[in-house]
Each structure stands twice: as C-alpha cells, then as structure tokens.
Number of protein chains: 2
Amino acid sequence: MIQPRRTRIQQKNSEAILEAALEVFSQHGFRGATLDQIAEVAGLSKPNLLYYFPSKEAIHVTLLSGLMHTWLDPLHRMDPEGEPLREIMAYVRRKLELSRDFPRESRLFANEILQGAPRMREAIEGELKALVEEKAAVLRFWMDQGRIARVHPVHLIFSIWALTQHYADFDVQVHAVLGETEPDPYPEAGLYLETLFARLLAV
Amino acid sequence: MIQPRRTRIQQKNSEAILEAALEVFSQHGFRGATLDQIAEVAGLSKPNLLYYFPSKEAIHVTLLSGLMHTWLDPLHRMDPEGEPLREIMAYVRRKLELSRDFPRESRLFANEILQGAPRMREAIEGELKALVEEKAAVLRFWMDQGRIARVHPVHLIFSIWALTQHYADFDVQVHAVLGETEPDPYPEAGLYLETLFARLLAV
DNA sequence: CCCGCTCCTGACCATCCGGTCAAACCTTAA
DNA sequence: TTAAGGTTTGACCGGATGGTCAGGAGCGGG
C-alpha cells in the first residue's frame with residue numbers, strides 16, 4: 001500500500017495480509033488481535049506474515065496510514081465554490097456511504113481513537129486538525145454570507161462524523177434494536193440525516 | 001456491586017478493583033487488558049484480584065451489568081406525560097452529562113459494542129431493544145399529535161446516542177482538533193445539540 | 001537444464017498471560 | 001491472649017504470544 005510491491009505474489013499476499021489484519025484489528029483492537037489469528041484469516045503461516053511485514057505494529061500502521069486518505073477524502077471534496085447546503089449534504093452522503101461500504105475501516109479507526117490514538121496522534125493533531133480548521137473557515141464564510149444558519153462549525157463537523165460513523169461502529173446495536181424487520185438501516189438513516197441537516201442549516 | 005460485600009476491606013478492595021478495571025478495560029478492551037495491569041492500577045497483587053473475583057471475565061461482566069442501569073436511566077426518565085420537546089431536550093442533556101462525567105464508562109460500552117457485544121448481546125436484544133421500542137412509540141405518539149416534527153423515531157434515538165457519546169468515545173480526537181484554546185468542549189457541545197434538536201423537531 | 005533469488009515453513013525462543021495453591025499474614029472477637 | 005477466619009502473596013503452571021532462524025521449496029531467466 002505504501003510501497004508498490006514488485007512481484008505478483010508479493011502484491012497478492014500483502015493484500016491478503018492487510019485484508020485479514022483489517023478484519024481482526026477492527027474487531028479486537030491492536031492489543032486484542034494476534035498474529036496467529038491474522039495469519040489464519042489470511043491463509044498464511046505466521047512466519048510468512050513476518051516475511052512481508054517486519055512486525056505486528058507495522059501491519060497496523062500500514063492499515064492506519066492507508067485509511068487516513070480514504071477517510072479524509074470526502075471532507076477534502078467539500079468545495080468552497082459550491083452551493084453550501086448541497087456541498088454539506090454531499091459530504092454527509094459520502095461519509096455515510098463510507099460507513100456502509102467500509103464498516104471495518106471505521107471500526108479500526110474507532111478502536112485506535114478509543115485507545116487514545118497511540119499510533120495516530122501525529123496525523124490527528126496535524127493533517128486532520130488542519131483540514132478541519134480549513135473547512136470550518138469555509139463553513140463560517142458561508143454562515144457570514146447568510147447562506148446557511150449559524151452554528152458552531154467544528155461541532156457541525158463533529159456531528160457529521162458522529163452520526164455517520166455510528167452506523168458502522170455500533171452496527172451490532174443498530175441491528176439488534178431495529179430487529180430482523182429492517183435488515184439494511186442505511187436508506188432510512190440517509191433520509192433521516194438529510195432531514196436533520198436540512199432543518200439545522202436552513203436560513 | 002452486584003452482591004453487597006460483607007466487610008469494610010472487601011468493600012474497599014472490590015471498589016478499587018472495579019475502578020482500576022474500568023480504567024484499563026475502557027482503554028484496551030477486554031482482550032487487550034491484562035490482569036497484571038488492572039492489579040497494578042488497583043494497587044493490589046494479581047492473586048489478590050482473583051481472591052475477590054473468580055476471573056477476568058467476571059470483573060468485566062460485573063462492570064458491564066453495573067453500567068447498563070446507569071446508561072439506560074436517562075431514557076427511562078423520558079416522560080410520556082411531559083412536554084415533548086422539553087422531555088427530549090432533558091434526555092439529550094442528561095446523556096451529554098453522562099459522557100462528560102463518565103467517559104470511561106462510555107468507552108467501555110463502545111469497546112464492547114465494537115467487538116460485537118459478545119458479553120452484552122442478551123441485554124441489547126432484550127432490555128435495550130424493548131426500552132427503545134417503548135420510547136419510540138411515545139415519540140411516534142407525540143408526532144401523531146403534531147407536537148414535534150415527524151422523523152424516524154428510532155433513528156432519532158440513535159442520533160442522540162451518537163452525538164452525545166461521540167464526545168466521550170472520541171475524546172482524544174475532539175481535543176486534538178479543538179486544540180488548547182478550548183479545554184472543555186461540553187458547554188459548546190450542549191449549545192450546539194440544543195440548537196440541532198430544536199430545529200429538527202420544531203413543528 | 002541450472003543457477004540465483006524469492007517465497008515459505010517447522011522448530012524454536014523468551015516473554016507474557018490467566019489462573020492456582022500453599023503458606024504466611026492480619027484482624028477480630030471471645 | 002488466643003484461636004479462628006478473613007486477607008495477602010511468592011512461587012509456580014500450562015498455554016498463548018510476538019518474533020527468529022536455518023533451511024527447504026518454488027520460480028524465472030539465462
């Protein structure tokens with residue numbers, strides 16, 4: 001992911017390892033996951049894992065840094081030149097799609113933050129903070145123009161994160177509460193969030 | 001906690017163990033936490049832990065079942081006879097106060113759900129689901145009366161959970177993004193959530 | 001066909017983990 | 001004061017865990 005693998009075998013096995021590691025790390029967190037478990041899911045032997053990655057931590061870090069880009073991309077794409085409500089709604093929709101399509105990635109991230117972000121502090125205090133401040137400025141600008149209602153821009157972003165990630169991170173709870181009747185909560189969630197932000201931001 | 005301890009020493013040590021276990025479990029999850037770590041935080045020896053609790057799992061279960069009551073209490077207190085918006089706002093406020101005052105409990109819960117709720121499935125599919133359905137009916141009743149706007153009642157409850165717990169579970173991220181300038185995000189968060197739900201539910 | 005390099009594995013290691021146990025220590029109440 | 005019962009601990013156990021290593025298997029180019 002970080003460095004292009006040379007051979008086809010390296011490509012295939014590295015991907016299999018990262019895929020398996022995502023499965024295991026996202027469910028048990030870094031300390032709760034074991035190399036044996038990852039190796040079994042990947043269909044490789046443990047020493048073979050360590051042929052491709054120097055350590056358990058290296059696998060984790062590779063996953064996290066690969067994640068950061070995908071994760072921040074929707075916010076990056078919020079265009080200052082666009083129509084404000086439309087841009088925000090598009091951001092919410094993309095973020096909700098990430099939760100639906102990549103729930104394990106969301107849980108991996110959640111696990112890392114829950115544990116105090118020992119391997120992501122830097123990225124959070126740097127890249128993430130800078131991006132949020134940039135986009136908060138955009139939101140504030142839109143508010144000054146009177147094109148959306150005035151609310152705390154950073155908390156607005158927090159609320160988008162919280163509401164969308166909830167469906168991935170608390171997946172089990174959501175499904176348990178909704179029961180068998182509603183196997184896919186995302187269509188309803190999308191409608192609900194659209195209403196919520198439309199009413200919150202209407203001028 | 002579940003059974004009243006007889007002597008003063010038992011009382012004191014059991015509490016110290018549960019306090020330490022909360023600290024460790026909430027940060028590392030069940031599998032990531034170790035008895036040695038809990039023992040060290042509690043200021044006791046590992047065999048002494050196992051004098052008071054039969055196993056690591058027993059400590060975890062005790063914490064979780066003790067938590068369930070506190071956690072559901074604010075929703076229980078949403079009164080069908082009260083003024084709808086007032087009741088919902090009170091629920092949001094109480095839930096946010098729980099996040100502020102008991103962030104470790106929130107993270108313990110989040111960890112458990114993230115890991116597929118292996119030790120809480122029963123409580124979630126039973127107690128929690130029943131309570132949500134009961135209160136969703138109340139919300140639907142209020143909507144039928146035209147006293148609050150019509151939105152999906154269960155997703156409304158989800159959104160309250162997501163928005164309030166976010167400040168406890170993603171504490172590190174919130175603080176990192178807000179920076180040193182805003183040491184306590186809760187006053188602003190309270191105001192923001194008040195606005196959000198007022199606008200969402202206004203008729 | 002063979003050589004060199006990539007890929008893979010069984011065996012192994014030190015450490016850590018949850019948990020046990022017998023013995024020692026401490027408190028209390030008669 | 002003493003004995004009984006509650007409390008604490010060092011030493012230990014079997015199994016898991018992250019990681020190493022020497023060597024074998026497989027592959028690709030000449």
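Naming convention: chains lettered A, B, ... in sequence-line order (proteins, then strands); numbering from 1 in each chain. Heavy-atom basis, side chains included; hydrogens, waters and symmetry copies ignored.
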Can you check the [X] [atom1] to [N] [atom2] distance for me, whole Å?
| X | N | atom1 | atom2 | value |
| --- | --- | --- | --- | --- |
| B:F53 | C:dT20 | CZ | C1' | 19 Å |
| A:Q11 | C:dT6 | CD | C1' | 16 Å |
| A:E57 | D:dG19 | CD | P | 8 Å |
| A:K56 | D:dA16 | NZ | C1' | 12 Å |
| B:L50 | C:dA22 | CG | P | 16 Å |
| A:D36 | D:dT17 | CG | C1' | 7 Å |
| B:L35 | C:dC16 | CG | C1' | 12 Å |

Discussion item. Quick one, B:K129 with B:E125, criterion salt bridge (Lys or Arg N to Asp or Glu O under 4.0 Å). Give me CA distance, side-chain angles, the key distance, then yes/no.
Written reply: CA-CA 5 Å; B:K129 188 185 176 189; B:E125 289 173 352; over 6 Å; no
What salt bridge (Lys or Arg N to Asp or Glu O under 4.0 Å) pairs are there with at least one residue in [range], not counting sequence neighbours?
| range | value |
| --- | --- |
| residues 89-98 of chain A | none |
| residues 157-181 of chain B | none |
| residues 19-42 of chain B | B:E19-B:R104, B:E23-B:R104, B:D36-B:K46 |
| residues 184-197 of chain B | none |

Worksheet item: Reckon B:A58 touches a base, only the sugar-phosphate, or nothing at all at heavy-atom distances under 4.0 Å?
Response: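 Contact class for B:A58: none.
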Item to complete: Quick one: label A:A39 by what it contacts on the DNA or RNA (base, sugar-phosphate, nothing), any heavy atom closer than 4.0 Å.
Response: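 Result for A:A39 = nothing.
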Discussion item. Between the side chains of B:R77 and B:D73, is the shortest nitrogen-to-carboxylate-oxygen separation below 4.0 Å, so that they form an ion pair?
Written reply: yes
Worksheet item: Who passes side-chain contact (heavy atoms from CB on, under 4.5 Å) against B:A21, sequence neighbours left out?
Response: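 Partners of B:A21 by the side-chain contact (heavy atoms from CB on, under 4.5 Å) criterion, ordered by chain and then number, come out as B:F25, B:I38, B:I59, B:L63.
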What donor-acceptor contacts under 3.5 angstrom involve side-chain atoms of residues 107-118 of chain B, with partners at least two apart or in another chain?
unit_1 : atom_1 : unit_2 : atom_2 : d
B:R107 : NH1    : B:A168 : O      : 2.8
B:N111 : OD1    : B:Q115 : NE2    : 3.4
B:N111 : ND2    : B:S26  : O      : 3.1
B:E112 : OE2    : B:R119 : N      : 2.6
B:E112 : OE2    : B:M120 : N      : 3.4

Might you list the N or O atoms of the protein lying below 3.5 Å from N or O atoms in nucleotides 8-13 of chain D, with each pair's distance?
unit_1 : atom_1 : unit_2 : atom_2 : d
D:dT8  : OP1    : B:N13  : ND2    : 3.3
D:dT8  : OP2    : B:N13  : ND2    : 2.9
D:dT8  : OP2    : B:N48  : OD1    : 3.4
D:dT8  : OP2    : B:N48  : ND2    : 3.3
D:dT8  : OP2    : B:Y52  : OH     : 2.5
D:dT8  : O5'    : B:N48  : ND2    : 3.2
D:dT9  : OP2    : B:S45  : OG     : 3.0

Discussion item. Under the rule for side-chain hydrogen bond (donor to acceptor under 3.5 Å, both in side chains), what residues qualify as partners of A:E105, not counting sequence neighbours?
Written reply: none
Worksheet entry | Strand-adjacent residues in residues 20-31 of chain B, judged by heavy atoms under 4.0 Å from DNA chain C | none
